[in-house]
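Below is one structure; the comments refer to it alone.
Nothing fancy with the numbering, it's 1 onward along the sequence. Indexing begins at 1, ligand by ligand and atom by atom, following the structure's order. Bear in mind the structure is a predicted one, so any value in this text is a computation, not a measurement.
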Amino acid sequence: MCGIVAGIAQRNVVPILIEGLKRLEYRGYDSAGLAVVNQGEIFRKRELGKVKGLEALIASDPIAGNVGIAHTRWATHGKPSTQNAHPHVSKDKVAVVHNGIIENHDHLRTVLQQDGYVFTSETDTEVIVHKIAQELQSTDDLLAAVKSTIATLQGAYALGVVHADQPDVLIACRKGSPLVIGIGIGEYFIASDIAALLPVTQRFIFLEDGDMAELTINGASIQDEHGKRVVRPVIESQLKADSVDKGKYRHYMLKEIYEQAWAVSETLEGRFVNNKLQDTAFGHNAAEVFDQIKSVLILACGTSYHSGLVARYWLEKYARVPCSIEVASEFRYRNPVISPDTLVVTISQSGETADTLAALQEAKKLGVKHSLVICNVPESSLVRESDLVMMTRAGPEIGVASTKAFTTQLVALQMLLIAVGRRFELSREMEDNIVSELFGLPGNIEKVLKLDETIEVLSQRFADKHNALFLGRGTHYPIAMEGALKLKEISYIHAEAYPAGELKHGPLALIDAEMPVVTVAPNNNLLEKLKSNIQEVSARGGQLIVFMDEELAESSDENVQIIKMPSVANIISPIIYTIPLQLLSYHVAVLKGTDVDQPRNLAKSVTVE
Ligand code: AGP
């Protein structure tokens, strides 16, 4: 949800900021802008659309400066337009980039307008820059002006602020939206995500909520929410600049689909001793926490919610661990009843999803004592706010459509099944079985990826379709949901998932030759039931595409196309059956010519409500 990058250096920061914006574009790509301070003036360029448009604009009419701020936008207040693009400027002197939402912007706008400030955009952000300008009437200290401004703001923000007359300082602050400081040699940067700064540094300070920082070429001075000077730890990132390159792949999404075997191995690495999962994989005090809990509550959004849905089946079926799950945006406002000995598990690729973070905070307010996050981004807000942490080590996921994060979340959730389940009714035999299947998983992923070409051909059947249904049962119903989400997200085909048993309660009315019905049919105890559901669709002229175990005798007919899948154990089949659905949505999107990695209206990291 908007990306910001800014820097102060002894060299021209414009190329660094442009490169940073490209690396942040997954956060929003409606418009982009950049402003630098040079010889007492602010020079600003803004362009509707993607960063490459801004880059071309600057190439045709260059600007340069040693201090600058830049932004790529995901519109919340005000349509995507050049006028609404950041940076916003007041009195030609102050410029601001903002990620987040200012909830009391209406009130602040009215007051500032009464004081003579003229607004040129529809954004909530513009109140911030005018307010800073107003505060500067009574002080020359930019930090102090920003400080008194943020005291008036309600909502979430990460800010970068520069002033035309103060070319030697860059101000940064955050509350509710992420912001890191990148430490170079005699130069300092800020960004919404370290990925933006990897070409210039691997050393980072993660600002905490409420922190403000004053950056000069000589250092970063940080104060906490109480105005107390603080020293935050410097973290060396292991990521390299090229970790976020597309490599030989046409899209990040395809690269990330193909990285799944590797990502799963990474997620398993070092968490077992003599094939026995260590409780410490979840944190040094995990054993103590797991010993106390009586149930599990999972909170997440989107794809992460789907992985939680699978985990609920696992925890209850194999270990009799009472488990409930809720979409985070509903949980946070529902005032639910929750017992203190529940383990609240949040699942999030980014660790910054505003609803999931708020749901965790709400659960704590309601008295929950123990929390665990399954997350892909170290130092993210959810990681910092949770007692226990299980990192998925999928590497940066850039494609807006989540793929490798999902499969590694499922792997992490299997480890949770073992760790919590062994304290309930998970048998030793089942535990050993899960471990052995997990170790074999990367090989099985490689096998299923070999279906890529078959699925590419299959994707042609969707090219002229406007709707699709996805069916599954048991642990594979959430996989059908994930398949439908992937398809709608990147190909813009309306897709819905149903537990196959629900068909005759309504959706069967939709079936005709124009409605592809994708069915996930592994060889498990529900297969015979599912076959009946397949017959119900076929008998009504529905066109089925069925992903089915290679050992089953069924073959394709006029209405039913069967794609044979490698035969795998039930416990890992949800992970395996996810992959062809990812490939299917990818190839359909490519055929339809959509922007696969940056689909319309979406952003990777949903840091606003
Ligand atoms: C998945 O393809 C989506 N882009 C989206 O549903 C995502 O999973 C959701 O926004 C949650 O994000 P998180 O995992 O970073 O919390």
Side-chain angles (χ1 to χ4, degrees), residues 1 3 25-29 74 177-178 192-193 195 251-254 256-257 260 263 298-311 325-332 345-361 372-383 385-386 389-392 394-410 412-413 470 478-479 481-492 495 497 578-579 581-586 588-589 594-609:
M1 300 280 113
E25 213 168 22
Y26 70 87
R27 300 178 68 89
Y29 30 83
W74 186 83
S177 299
S192 304
D193 178 345
H251 295 102
Y252 281 110
M253 183 183 177
L254 189 62
E256 289 158 6
I257 290 173
Q260 291 180 104
I298 301 176
L299 300 170
C301 302
T303 288
S304 299
Y305 171 70
H306 295 158
S307 70
L309 283 172
V310 179
I325 170 160
E326 189 160 356
V327 166
S329 55
E330 285 298 311
F331 177 87
R332 64 182 288 192
V345 178
T346 55
I347 308 174
S348 175
Q349 187 285 132
S350 62
E352 299 295 348
T353 300
D355 283 321
T356 310
L357 192 56
L360 170 64
Q361 290 160 350
L372 161 72
V373 65
I374 293 175
C375 189
N376 198 41
V377 180
E379 302 296 334
S380 60
S381 302
L382 275 165
V383 168
E385 294 199 19
S386 302
V389 174
M390 158 69 65
M391 295 308 302
T392 50
E397 191 182 65
I398 307 294
V400 165
S402 191
T403 53
K404 60 179 180 172
F406 180 69
T407 40
T408 52
Q409 284 167 357
L410 288 174
L413 287 161
F470 284 70
I479 300 309
M481 293 169 81
E482 176 58 8
L485 177 65
K486 287 286 92 83
L487 190 69
K488 74 182 106 173
E489 198 174 18
I490 58 170
S491 74
Y492 316 148
T578 299
I579 292 168
L581 304 188
Q582 296 170 342
L583 287 167
L584 180 63
S585 63
Y586 172 76
V588 174
T594 61
D595 192 338
V596 173
D597 288 329
Q598 296 176 340
R600 69 184 181 200
N601 305 338
L602 299 179
K604 182 74 184 162
S605 181
V606 187
T607 54
V608 296
E609 261 198 272

Could you please provide the protein residues found below 4.0 Å of ligand 1 on a heavy-atom basis, arranged by chain and number? Cys301, Gly302, Thr303, Ser304, Ser348, Gln349, Ser350, Thr353, Val400, Ala401, Ser402, Leu485, Lys486, Glu489, Val606
Applied to residues 396-409, the salt bridge (Lys or Arg N to Asp or Glu O under 4.0 Å) test, sequence neighbours excluded, yields Glu259-Lys404, Glu397-Lys604
Test applied, side-chain hydrogen bond (donor to acceptor under 3.5 Å, both in side chains); reference residue, Gln349; option that passes from Thr392, Thr303, Asn376, Thr408: Asn376
Check ion pair Asp595-Arg600 (N to O, under 4.0 angstrom): no
Run the salt bridge (charged side-chain N to carboxylate O under 4.0 Å, His left out) test against Glu256 and tell me which residues pass, sequence neighbours left out. none
Would a distance-only check, ignoring hydrogens and angles, find a side-chain to backbone donor-acceptor pair under 3.5 Å from Ser304 to Ala300? no
Partner set under ring-ring contact (aromatic ring centres under 6.0 Å, His included) for Tyr26, not counting sequence neighbours: none
